[in-house]
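Count residues from 1 along the sequence.
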Amino acid sequence: MNGTITPRRCASRRRRGLHNLTLRRLVLFALLAMTMFSPRRSPANPAYLLDTSGLGDVGELYLIGSLQGIVNRDAPRLFLVKGSPDQVYADYLEREKGFAFTRLKSLPDLITTFAAMKRADGVTPLIKGLVKYPATYWDEANHKMVNRYYNYWIAANFAAQEDLLPVNEGMLKHTSSMLSGSEFWYKDSGMRGWSGMFAEAKHSRTNGLSVISGRANSYASKVVYLDLEETPKIEIVVSDLSPGAAWSLAIAMGSTVKTFESRKGTAIPGLINVSTPGTFVADLAESGLFNPRAGRAELRISPLTTGVTVTVTSIRLLNANGNEPAASPYSPPKDVFAGLPIKRDLAASPPYEQNEDSACEWSLANQRGLCAPDAFASYAGGGWILMGLDYTVAQKVYHFYQDKTPFVKEGYPNLDKLLSDFKTPGLVYGWLGNEDYACMKMGKYGARYAGGVPGNFSFWQWVPLKNPGEPVPLPQVREVTRLQNKVYVNFAWASSDYIQFSYNLMDVFWQDPNRGKVPVTWGFNPLLAKFAPAFVEFYAHSATPKDSFWGFTAGYTPLS
């Protein structure tokens, strides 16, 4: 044949070629399918993370909560870390849900990042401007500054309805704690800005700070920003101790608190139970206690017995060589509001008289109708009740607070009007000021009390479920199938009216290493499933074979 290809051989080769091509296509399709559907290779969901642990400035709380609610209204873009639970959830969201967080260093970074971003249409800006409000006024009769909390929540309504950031004059001048950048430092030789918890903190120009313990577990504290890549070491100089005294330096930081035992701060090796004065240096980076290695942290100088004094003259953050950095590790920008116009000015030209009654009447007439008809949020000025501001802003819930006393003439004059306008069953977020009175009124109008919604729920509402559209079952462990002649003990842990209890990892007991050794039944508020089903899935995912759940009433609920 001398290499001649006959028609039969040619057809055979064509068939083999087609067969091989089909196999290659099948293999290629399989590889593509593996690439498309493999969770390890699926593209991560980008999002941003900011550490706000220890934040106590009410104005900044309103600003950050409003901003988070605005940007998370239609997608999960911003997650805040305030403590151990948030860091646990951030780790879970990255590990199990495919989120990739970019950590922002400061509040100015946060504002500039989102001021430049658009919504999904690529046209509409996330942030459209500012609403300026007066935070305080001078009470001439009593010679003191008085808070105008009604301006805070009226500004929050504008923020929710018009995508504006609420700011006051001090914030525009960058004098508040996070905007000023005062937390970014490497040397404190004046020992200023420390506050005492069950301790007295006395300042001296020549001898630093004297911390006098008033009772057990007392300390003096200060919030700083730690970045262990820049300043991995810390130095503390103790100049004096009262007889028999000893001290420790602890750091309370979201990334360091992992167990119930360490929830009040992590003691630093080498700086624990020190009974002598002197200069002490600890390597924080080598301690293995920090992951991630940057964020806001509260330094705590702790005398270890009651009635003793520890005097500290300086604290320094040092680089890897044990030297002071040449400059501050970070300097936040000072022009973050330059590109954001003031769209509403409640300080220069308020549409109401600057008194609470006038402001409340104006807000009810002009803002209530633009918000969700089946809810309202009652937030005072205290930071502890503002944790759910992001969710209520995202949902455009009406914000209202009136500083009145119940059971007196004209007490809470607008509460009946608010509740009677509800589309039932309505939800009341936050706090009404008096538990008995609030429950009586809500029962009358068929409303329910949701409490302060946990922070970050504007983000959690968008976290994808493993089985979308299906209820998330929480485990019910039934080890006893037939009762015997024994004494049975059931361990339960719950808080029926405090919805944040579950978000705080069952008061941090969920992270206890001993969990799972004995059966425990955990109370779980069913409103959590309404607000964020993926949060329920977290508990179902991390439960041990010994963990059970029971549901109770969703806050204060009328029986009818």
Side-chain angles (χ1 to χ4, degrees), residues 62 65-74 119 124 126-134 148-166 342-347 349-380 385-386 388-404 410-433 438 441-442 444-450 452-453 457-458 461 530-531 558:
Y62 266 90
S66 298
L67 185 150
Q68 187 184 25
I70 291 168
V71 303
N72 287 348
R73 179 169 292 139
D74 59 342
R119 295 209 180 272
T124 307
L126 289 177
I127 309 297
K128 296 178 181 177
L130 307 175
V131 50
K132 181 182 177 181
Y133 62 92
R148 291 172 166 172
Y149 283 140
Y150 56 86
N151 279 319
Y152 286 87
W153 56 256
I154 288 175
N157 284 330
F158 280 127
Q161 295 160 13
E162 302 176 15
D163 297 340
L164 307 177
L165 298 184
I342 297 177
K343 296 292 187 72
R344 299 274 185 175
D345 195 334
L346 305 180
S349 55
Y352 47 83
E353 295 180 24
Q354 284 292 356
N355 64 74
E356 186 180 70
D357 290 338
S358 172
C360 289
E361 292 296 333
W362 179 90
S363 179
L364 283 170
N366 293 276
Q367 293 185 315
R368 178 69 180 102
L370 302 174
C371 301
D374 59 348
F376 82 87
S378 177
Y379 295 137
I385 201 65
L386 283 174
L389 183 64
D390 66 297
Y391 184 80
T392 51
V393 167
Q395 300 294 321
K396 296 189 177 181
V397 170
Y398 178 59
H399 298 90
F400 185 92
Y401 179 79
Q402 197 155 9
D403 188 16
K404 298 292 184 180
E410 298 179 352
Y412 284 143
N414 291 297
L415 188 56
D416 285 282
K417 180 176 176 56
L418 274 167
L419 292 171
S420 64
D421 288 344
F422 256 23
K423 177 184 177 182
T424 57
L427 280 176
V428 177
Y429 299 90
W431 186 245
L432 291 177
K441 286 292 185 181
M442 286 188 287
K444 176 181 177 181
Y445 291 103
R448 294 177 296 161
Y449 178 58
V453 181
F457 265 37
S458 63
Q461 67 177 330
K530 172 183 173 65
F531 299 143

Test item: N414 side-chain N/O and K417 main-chain N/O as donor-acceptor pair under 3.5 Å: no
Non-hydrogen side-chain atoms of S66 and L165 separated by less than 4.5 Å: no
Working for side-chain contact (heavy atoms from CB on, under 4.5 Å), residues I70 and K128: CA-CA 10 Å; I70 291 168; K128 296 178 181 177; over 6 Å; no
Side-chain donor or acceptor of D374 paired with backbone N/O of K423 under 3.5 Å: no
Any side-chain heavy-atom pair of L126 and R73 under 4.5 Å: no
Side-chain heavy atoms of V428 within contact of L419, under 4.5 Å: yes
Between CD1 on residue I127 and CG on residue L164, distance to nearest 0.5 Å: 8.5 Å
Spatial distance of atom CG (L67) from atom CG (N72) [nearest 0.5 Å]: 9.0 Å
Interatomic distance, S378 atom OG to Y398 atom OH [nearest 0.5 angstrom]: 10.5 Å
Side-chain ion pair, R119 and D74, N-O less than 4.0 Å: yes
Other residues, nucleotides, ligands: >12 heavy atoms within 6.0 Å of E162 CD: yes
Contact check, side chains of L370 and K396, non-hydrogen atoms, under 4.5 Å: no
Check: Q367 and F158 side chains under 4.5 Å, non-hydrogen atoms: yes
Ring geometry between Y391 and F457 (parallel below 30°, tilted from 30 to 60°, perpendicular above 60°): perpendicular
Student check: side-chain heavy atoms of Y352 and S363 closer than 4.5 Å: no
Nearest heavy-atom neighbours spanning V397 and A377: CG1-N, 3.6 Å
Closest contact, heavy atoms only, R368 versus A375: NH2-O, 3.5 Å
Ring-ring centroid check Y445 F422, cutoff 6.0 Å: no
Interatomic spacing from OG1 in T392 to CH2 in W153 - rounded to 0.5 Å: 13.5 Å
Contact summary for K343 and G129, nearest pair of heavy atoms: CG-CA, 4.3 Å
Gap separating the CD atom of E361 from the CD atom of Q402, nearest 0.5 angstrom: 7.5 Å
Flag side-chain contact, heavy atom, 4.5 Å: L427 against K530: yes
Option passing side-chain contact (heavy atoms from CB on, under 4.5 Å) with F400 (candidates L364, I154, L415): L364
Partner set under salt bridge (charged side-chain N to carboxylate O under 4.0 Å, His left out) for D345, not counting sequence neighbours: none
Side chain proximity check, F376 to C371, heavy atoms < 4.5 angstrom: no
CG-CD distance between N151 and Q354, expressed to the nearest 0.5 angstrom: 4.5 Å
